Amino acid sequence: MPSISLVDAMVSTSPKDKKEKKVKNQTLMETLGSDPLSAGKTKKESKSKKESRKRKASDVEDEEEKSETSSELVEPAANSKVKNGEVESEKKKKKKAKVEEVVVEEAKVEEHPNAVSKYRISEPVKAKLKEKGIEALFPIQAMTFDIVLDGCDLVGRARTGQGKTLAFVLPIIESLTNGPAKSSRKTGYGKAPSVLVLLPTRELAVQVHADFEIYGGAVGLTACSIYGGSAFRSQELQLRRGVDIVIGTPGRVKDHLERKNLDLTSLKFRVLDEADEMLKMGFVDDVELILGQVKDLTQVQTLLFSATLPSWVKEIASRFLKPSKKTADLVGNEKMKASTNVRHIVIPCSSNARSQLIPDIIRCYSSAGRTIVFTETKDSASELSGLLPGARALHGDIQQAQREITLSGFRSGKFMTLVATNVAARGLDINDVQLIIQCEPPRDVEAYIHRSGRTGRAGNSGVAVMLYDPRRSNFSKIERESGVKFEHISAPQPADVAKAAGVEAAEIINQISDSVIPAFKAAAENLLNTSGLSAVELLSKALAKAAGYSEIKSRSLLTSMENCVTVLLEAGKPIYTPSFAYGVLRRFLPEEKVEAIKGLTLTADGLGAVFDVAAEDLDLFLAGQENAANVKLEVVTALPPLQEKVQRGFGGGGGGGRFSFGRGGRNGGFSDRRNDRFSGRGRGSKRW
Ligand SMILES: Nc1ncnc2c1ncn2[C@@H]1O[C@H](COP(=O)(O)OP(=O)(O)OP(=O)(O)O)[C@@H](O)[C@H]1O
């Protein structure tokens, strides 16, 4: 169960406040079940429900009494009931069972503890929520709704996909239309906005804008989004006409401020969504400049939300939020910071093998849903999207209009694999993303948490696969800091993937109309008579063809390269360095074969080394050991624990440790061309 803190972060509170807070915390603790997305109810509510259930039960009892009495009157034979104790107790049992039945029924129809109806949400918004299938608030929403509606500043944190957007959208809308902000909200043509939402990416701006349109639009509020890469003029016109809510990326918001298109002096709410990302190096100044437009801080509420709130963000938050701010932290000190609805897997894979391996991972783990593949650089996103069948790329160098087309095509299912940089890591909520693949461990733990959080949203499950090159990358820091216990598995073997594909192909063939048989029968008979294969063997070939296979390759466990086999070398004594292992191999193998081995990595026990050999050279290697004393070579069926690359700087890859084999381009693909500071992440990093 998540720990829940709801604290006044900066000031000591009055005993009354503390008491209220304690009651509220206790209530929330009580009401959150083991499923974090189950919701809570207030004690008062639960008490009144219990009472009403009791009342209903006693009503039933009364009814029973009445009917008994009348039956006694009508049927004298029933007198025996009064005299006969056995019959009497039987009757009581039945009555009790009936009462219990009613209570159970009542409990079934009882509203969800956090039912939307229990909150100060206006009817049109409730209707919209219902339309979207939202009957009850998620915990972060339930925790913070009253706090925000009652006027407090708030720091909100919940794991990815747990509904932080509506946690600010709903109370803001209610405050502006029925709550404290209503009286001071500007109206009429050219009105200055009452709400400013700042967020790190354009795609997120579009998404949050859509939520404000849906729910705010239901009560007459207007919203517009302003972000880089899209036309200035139409944004300017909207701002000049006047809107209630502005959602934007810091760069474009600042530009509109400088051009005097945007007047922030009447703000009632400032929201920093994905706050940590926004406040990362270089952003603080812009955000501060924007927030600094509000002179009277008592008039504005500031809300800060993210799934990850490193301690430095909390410190900075004290500059933007009032000292009386509250913190609703559904992650807190829980070890697991990433989504608990996601299966987190790591698979060894060299960068060369990615494009061969990823389609098989998709086949095995995507459950036929959508997949997002994350790369570290724009160049590798472009390159990989060209290599994966049916995939499209999304990154900061792609024209904004195309970015929007791509994302909407992915949302609507026109294509099922998106290859993206971190522009898609934060906040994006896309239906039915079943699988996330990270091509290598990201640089920081926050990136891992947000990327893997694009699946397993709103209580659904998902799979996040992270590829790593045992010689170059290290994910132990991510594991430690995210609290994720990775499942270590080997790459799916082509033969296993083919088996699954064969089953699918058989189903497809079964559905083909019998009308094709006459046309193909003669050719089939001819094949059967001349091929020397049985009918089953021939049919297997036909299924392979239907599934897109013309051969089954082997795949290395170490690098996931096709047509390679992973071999373990032992030399009868510890192997301290790769060069020692190479020396042992040179004793019995030709130089060019030793040169050709790939990915040599020492085992964690220090007694061996694993490496890949081309499938065609395997026999040569295995036979060669006969000529070398104490040397043992064997094909491994499971990868033994390996020595991790010694890290110099987190996730940096290459160049560093004892076992490094050169950089090989892990970070070599930086594409530094920037056209818009905020198309992705801004000045701090220019990679996506
Ligand atoms: N109360 C609710 N009941 C059902 N679904 C909900 C509820 N609240 C939000 N959702 C849905 O849950 C999904 C995730 O919500 P949202 O995008 O706000 O998550 P988040 O916490 O902001 O995630 P991230 O940290 O990744 O940005 C959305 O599809 C949203 O419509």
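Bear in mind the structure is a predicted one, so any value in this text is a computation, not a measurement.
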Margin query: Can you see whether Ser339 engages Asn341 through a side-chain donor-acceptor pair at a distance of less than 3.5 angstrom?
Written below: no
Item checked: Basic-acidic side-chain contact under 4.0 Å: Asp276, Arg157 -> no
Note to self: Counting only heavy atoms not in Lys126 (residues, nucleotides, ligands), do more than 12 fall under 6.0 Å from its NZ?
What the structure shows: yes
Notebook entry, point to check: So, for Gly228 and Thr249, which heavy atoms are closest and what is the spacing to 0.1 Å?
Noted result: N-OG1, 3.8 Å
Checklist line | Over all atoms of both residues, closest heavy-atom pair of Arg159 and Ala307 | finding: C-CB, 4.1 Å
Notebook entry, point to check: Considering only heavy atoms from C-beta outward, does the side chain of Lys337 approach that of Val445 to under 4.5 Å?
Noted result: no
Checklist line | Exam field: side chain Arg270 to backbone Phe320, donor-acceptor pair closer than 3.5 Å | finding: yes
Note to self: Pair Val331, Leu309 - check side chain to side chain contact (heavy atoms under 4.5 Å, CB included), show working.
What the structure shows: CA-CA 10 Å; Val331 183; Leu309 288 174; over 6 Å; no
Next item on the list: Carefully, step by step, assess Asp150 and Arg120 under the rule salt bridge (Lys or Arg N to Asp or Glu O under 4.0 Å).
Entry: CA-CA 11 Å; Asp150 292 341; Arg120 290 173 280 167; 3.0 Å; yes
Next item on the list: Would you indicate whether the side-chain heavy atoms of Phe410 and Leu394 approach each other to under 4.5 Å?
Entry: no
Checklist line | Check: Lys268 side chain, Gln299 main-chain N or O, donor-acceptor pair, under 3.5 Å | finding: yes
Next item on the list: Inspect the contact between Lys130 and Glu135 and indicate whether a charged nitrogen and a carboxylate oxygen are less than 4.0 angstrom apart.
Entry: no
Check: Quick one: OG1 on Thr375 to CG on Leu467, what's the gap to the nearest 0.5 Å?
Finding: 12.0 Å
Item checked: Candidate pair Ser306 and Arg426, rule side chain to side chain contact (heavy atoms under 4.5 Å, CB included), full reasoning -> CA-CA 9 Å; Ser306 183; Arg426 292 272 180 161; 3.6 Å; yes
Next item on the list: Tell me yes or no: between the side chains of Asn474 and Ser476, is some donor less than 3.5 Å from an acceptor?
Entry: yes
Notebook entry, point to check: Do side-chain atoms of Gln301 reach the backbone of Phe269 as a donor and acceptor pair under 3.5 angstrom?
Noted result: no
Notebook entry, point to check: Which distance, rounded to the nearest 0.5 Å, do you find between the CG of Leu199 and the CD of Glu274?
Noted result: 8.0 Å
Check: Roughly how far apart are Asp211 CG and Ile245 CD1, rounded to 0.5 Å?
Finding: 11.0 Å
Next item on the list: Supply the atom-to-atom distance Asp296 CG to Leu267 CG, rounded to the nearest 0.5 angstrom.
Entry: 12.0 Å
Next item on the list: State whether Phe232 and Arg259 meet the cation-pi test: NZ (Lys) or CZ (Arg) under 6.0 Å from the six-membered ring centroid, and within 45° of the perpendicular axis.
Entry: yes
Next item on the list: Decide side chain to side chain contact (heavy atoms under 4.5 Å, CB included) for Asn114 and Tyr119; before the verdict, give the C-alpha distance in whole Å, the side-chain angles of both, and the deciding distance to 0.1 Å.
Entry: CA-CA 8 Å; Asn114 279 346; Tyr119 292 84; 3.0 Å; yes
Notebook entry, point to check: For the side chain of Lys378 and the backbone of Gly396, is there at least one donor-acceptor N/O pair under 3.5 Å apart?
Noted result: no
Margin query: Closer than 3.5 angstrom, by distance alone: can the side chain of Thr222 be matched with the main-chain N or O of Asp244 as a donor-acceptor pair?
Written below: yes
Check: So, Glu376 and Arg451, do they make that salt bridge, N to O below 4.0 Å?
Finding: yes
Check: Judged by atom type as modelled, is there a donor-acceptor pair below 3.5 Å linking the side chain of Gln402 to the main-chain atoms of Gln399?
Finding: no
Next item on the list: Give the intermediate values and the outcome of side chain to side chain contact (heavy atoms under 4.5 Å, CB included) for residues Leu407 and Ile430.
Entry: CA-CA 9 Å; Leu407 202 55; Ile430 297 165; 3.9 Å; yes
Note to self: Checking side-chain polar atoms at under 3.5 Å, does Glu404 have a donor or acceptor matched by the opposite partner on Gln400?
What the structure shows: yes
Next item on the list: Indicate the atoms forming the closest heavy-atom contact of Leu262 with Pro193, along with that distance.
Entry: CD1-CG, 3.9 Å
Next item on the list: Taking the side chain as every heavy atom from C-beta outward, state whether Glu174 and Ser122 have any atom pair closer than 4.5 Å.
Entry: yes
Notebook entry, point to check: Are Pro180 and Leu149 close enough that some pair of their side-chain heavy atoms sits under 4.5 Å apart?
Noted result: yes
Notebook entry, point to check: Any sub-3.5 Å donor-acceptor pair from Gln238's side-chain atoms to Val243's backbone N or O?
Noted result: no
Checklist line | Student check: side-chain heavy atoms of Glu277 and His450 closer than 4.5 Å | finding: no
Checklist line | Residue from Ile172, Leu321, Val197 passing side chain to side chain contact (heavy atoms under 4.5 Å, CB included) with Leu303 | finding: Ile172
Next item on the list: Heavy atoms only: give me the nearest Pro442-Met466 pair and the separation to one decimal.
Entry: CD-SD, 3.9 Å
Check: Is the backbone N or O of Thr302 less than 3.5 Å from a side-chain atom of Asp153, with the two atoms forming a donor-acceptor pair by type?
Finding: yes
Checklist line | Pairwise side-chain contact, Val342 with Thr160, heavy-atom cut-off 4.5 Å (strictly under) | finding: no
Margin query: With heavy-atom distances below 4.5 Å as the criterion, would you say the side chains of Leu435 and Val465 are in contact?
Written below: yes
Notebook entry, point to check: Quick one: does Ser175's side chain have a donor or acceptor within less than 3.5 Å of a partner on Pro171's backbone?
Noted result: no
Next item on the list: Could you tell me which non-hydrogen atom of Thr455 sits nearest to which non-hydrogen atom of Ser461, and how far apart they are?
Entry: OG1-O, 4.0 Å
Next item on the list: Please answer whether the main-chain N or O of Leu428 pairs with a side-chain N or O of Arg454 as donor and acceptor at a distance below 3.5 Å.
Entry: yes
Notebook entry, point to check: Can we call the ring centroids of Phe486 and Tyr468 under 6.0 Å apart?
Noted result: no
Note to self: Nearest 0.5 angstrom please: Leu384 CG to Phe374 CZ, how far?
What the structure shows: 13.0 Å
Next item on the list: With rounding to the nearest 0.5 Å, note down the distance linking CG in Leu221 to OH in Tyr215.
Entry: 14.5 Å
Check: Would you call Thr371 and Ile358 a side-chain contact if the rule is heavy atoms closer than 4.5 Å?
Finding: no
Checklist line | Passing option when Val125 is tested against Ile214, Ile173, Val116, Thr177 for side chain to side chain contact (heavy atoms under 4.5 Å, CB included) | finding: Ile173
Check: Only one of Ile361, Ile436, Val419 clears side chain to side chain contact (heavy atoms under 4.5 Å, CB included) with Val373; which?
Finding: Val419
Notebook entry, point to check: Between Asp263 and Thr265, does a side-chain hydrogen bond (donor to acceptor under 3.5 Å, both in side chains) hold up when you go through it step by step?
Noted result: CA-CA 6 Å; Asp263 172 5; Thr265 54; 2.5 Å; yes
Next item on the list: For Ala158 and Lys164, work out which heavy atoms get closest and say how close.
Entry: O-NZ, 2.9 Å
